[in-house]
Number of protein chains: 2
Amino acid sequence: MSFLNTVHLNSVHYTEWMTPEYNSTRHDREGVARAALALLDEVGLADLSMRRIAGRLDVQPSALYWHFSSKQELLADLADRITASIPRADADVPTVARSIRDALFTHRDGAELVLSTYALGLGSATAQAALEDALRRSGAADPAQRAVALLHFILGHATLVQQRMHADSHGAMENGGTLDVTAGLDRVFDLGIRALADSGEPLSAAPTLRRDRA
Amino acid sequence: MSFLNTVHLNSVHYTEWMTPEYNSTRHDREGVARAALALLDEVGLADLSMRRIAGRLDVQPSALYWHFSSKQELLADLADRITASIPRADADVPTVARSIRDALFTHRDGAELVLSTYALGLGSATAQAALEDALRRSGAADPAQRAVALLHFILGHATLVQQRMHADSHGAMENGGTLDVTAGLDRVFDLGIRALADSGEPLSAAPTLRRDRA
DNA sequence: ACCTGAACACCGTTCAAGT
DNA sequence: ACCTGAACACCGTTCAAGT
């Protein structure tokens with residue numbers, strides 16, 4: 001009976017009279033990706049299955065394979081959407097680094113997703129380029145390699161922090177002093193970024209004070 | 001018929017006469033973990049299923065749950081074995097960092113495994129402690145936080161490099177200049193480690209030459 | 001102490017066929 | 001252009017029961 005109902009709703013002869021307002025259940029690549037990203041925030045990467053995404057769209061699992069050739073391709077698309085949200089500003093290295101981290105934090109398990117996807121692809125080339133530009137402007141040595149090192153640190157750090165956040169939230173917090181664990185990790189991030197941003201020999205002998213603002 | 005045969009082989013009445021040399025098919029926690037670690041090297045983390053591990057041990061999947069309460073616990077055990085192989089030497093920071101990275105590289109997907117497992121646990125506390133000790137000996141500022149930053153960098157970097165290695169090996173190498181990609185990443189690692197090992201303001205106004213030993 | 005057998009509630013993916 | 005239905009070859013986990 002329930003399936004009869006469904007059949008009836010869907011059998012709206014797909015012909016000329018089917019105007020946009022009658023179209024409800026059919027999706028495009030964009031719609032699938034957006035639904036998947038929303039679902040990611042609700043259930044997390046481990047529980048983001050093709051079947052669940054399909055269920056959210058009121059569609060059979062096999063329908064997703066018209067839009068994406070595999071789950072891997074879908075995940076790569078999501079990773080690209082996350083890294084694409086990095087603002088492209090003429091900021092200094094710590095600011096760019098923080099904006100990359102914040103983009104990863106925008107979605108649940110975002111860091112892990114981008115990390116898993118990064119190796120295969122040109123995804124997060126955006127992030128790498130932004131870091132390299134900022135480094136070049138600051139006059140740092142070896143800006144290209146330094147950008148890669150910064151990106152690896154940001155991805156590793158963000159992945160670990162995001163995991164820890166999720167574990168602490170509905171997990172076993174057996175440690176009494178876990179209150180400031182995130183605050184401590186924030187200082188670790190700043191320390192790491194600053195160390196990777198400027199070090200080494202060349203340019204300006206004065207170490208501490210660059211930056212002429214105020 | 002095949003299952004009859006199996007039944008016959010296993011029904012060696014479990015009593016006193018069952019001396020060690022007759023015992024063949026029964027396992028302990030250690031044996032399961034070793035088999036799983038060996039299988040990890042063959043098939044990789046994505047294909048390391050409980051059912052495959054059981055198959056390797058000629059045992060039903062459910063048998064594994066006598067030794068480990070979940071797959072997660074088994075994986076955590078493997079991660080601990082990998083980090084436990086880090087040599088405990090009085091070496092300088094780059095040397096310690098490299099030995100941690102090499103321990104992660106000892107097994108296929110070792111970095112990813114440890115990274116996934118690290119958040120939950122005290123695993124890789126070994127690595128963190130080793131780094132902190134080395135930093136303290138070097139007189140670096142904020143050794144505790146710096147150790148965490150170094151560990152995050154090492155885990156992120158090693159995970160990315162290991163993924164890339166595997167992708168390049170039997171994957172689509174569409175890039176012409178991928179030959180020196182690993183060499184380049186090795187230089188990135190050294191740069192990152194050195195930057196994180198020494199930087200910052202305090203101690204000795206002269207930036208480059210510390211080192212009072214010898 | 002360690003394992004089997006059977007079941008439960010899931011997976012990703014393919015493909016002919018429908019509209 | 002987009003989807004269904006059905007199938008294939010898998011998953012992790014539980015639990016009574018066996019030896």
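To find a chain, count down the sequence lines: A is the first, B the second, and so on, and within it residues start at 1.
Here B:Thr95 pairs with B:Ala91, B:Asp92 under the side-chain contact (heavy atoms from CB on, under 4.5 Å) rule; sequence neighbours left out. The salt bridge (Lys or Arg N to Asp or Glu O under 4.0 Å) check on B:Arg88 picks up B:Asp133, with sequence neighbours excluded. Judged as a side-chain contact (heavy atoms from CB on, under 4.5 Å), and not counting sequence neighbours, the contacts of A:Ala111 are A:Leu104, A:Ala158, A:Thr159, A:Gln162. With sequence neighbours left out, the side-chain contact (heavy atoms from CB on, under 4.5 Å) criterion links A:Phe68 to A:Arg29, A:Val32, A:Ala33, A:Glu73, A:Leu74, A:Asp77. When the side-chain hydrogen bond (donor to acceptor under 3.5 Å, both in side chains) test is applied to A:Arg98, the partners found at least two apart in sequence or on another chain are A:Asp190. Residues passing the side-chain contact (heavy atoms from CB on, under 4.5 Å) test with B:Leu191, sequence neighbours excluded: A:Asp142, A:Gln145, A:Arg146.
The distance from atom NE2 of A:His67 to atom P of D:dA1 is 12 Å, rounded to the nearest whole Å. Note: CH2 (B:Trp66) to C1' (C:dC2) measures 6 Å, nearest angstrom. Spacing between atom CG of B:Asp58 and atom C1' of C:dC3 amounts to 13 Å, rounded to whole angstrom units. In this structure, the CZ atom of A:Phe68 is 12 Å from the P atom of D:dC3, given to the nearest Å. The CD-P distance, from B:Gln60 to C:dT4, rounds to 5 Å in whole Å.
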Q) In dot-bracket form, how is DNA chain C paired, counting a Watson-Crick or G-U wobble pair only if both its distances are under 3.5 Å and using | for bases paired to another strand? A) ||.|||||...|||||.||

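The salt bridge (charged side-chain N to carboxylate O under 4.0 Å, His left out) contacts involving residues 36-48 of chain A comprise A:Glu42-A:Arg56, where partners must be two or more places apart or lie in separate chains.
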Hey, what are the protein-to-nucleotides 9-15 of chain C N/O distances that come in under 3.5 Å?
from: C:dC11; atom 1: OP1; to: A:Ser49; atom 2: OG; distance (Å): 3.0
from: C:dG12; atom 1: OP1; to: A:Met50; atom 2: N; distance (Å): 3.1
from: C:dG12; atom 1: OP1; to: A:Lys71; atom 2: NZ; distance (Å): 3.0
from: C:dG12; atom 1: OP2; to: A:Met50; atom 2: N; distance (Å): 3.0
from: C:dG12; atom 1: OP2; to: A:Arg51; atom 2: N; distance (Å): 3.4
from: C:dG12; atom 1: N7; to: A:Arg51; atom 2: NH1; distance (Å): 2.5
from: C:dG12; atom 1: O6; to: A:Arg51; atom 2: NH1; distance (Å): 3.0
from: C:dT13; atom 1: OP2; to: A:Tyr65; atom 2: OH; distance (Å): 2.7
from: C:dT13; atom 1: OP2; to: A:Lys71; atom 2: N; distance (Å): 2.8
from: C:dT13; atom 1: O5'; to: A:Tyr65; atom 2: OH; distance (Å): 3.3

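No N or O donor and acceptor, one from the side chain of A:Arg26 and one from the base of D:dC3, sit under 3.5 Å apart.
One C1' atom belongs to D:dA16, the other to C:dC3, and the distance between them is 13 Å to the nearest Å. Across the P atoms, D:dA17 and C:dC2 are found 22 Å apart, a figure rounded to whole Å. Here the separation of C:dA9 from D:dA9, taken at their P atoms, is 23 Å to the nearest Å.
Here the closest non-hydrogen pair linking B:Ala103 and B:Ile86 is CB-CG1, 3.8 Å.
The environment of CZ in A:Arg136 is crowded: more than 12 heavy-atom neighbours from other residues, nucleotides or ligands sit within 6.0 Å.
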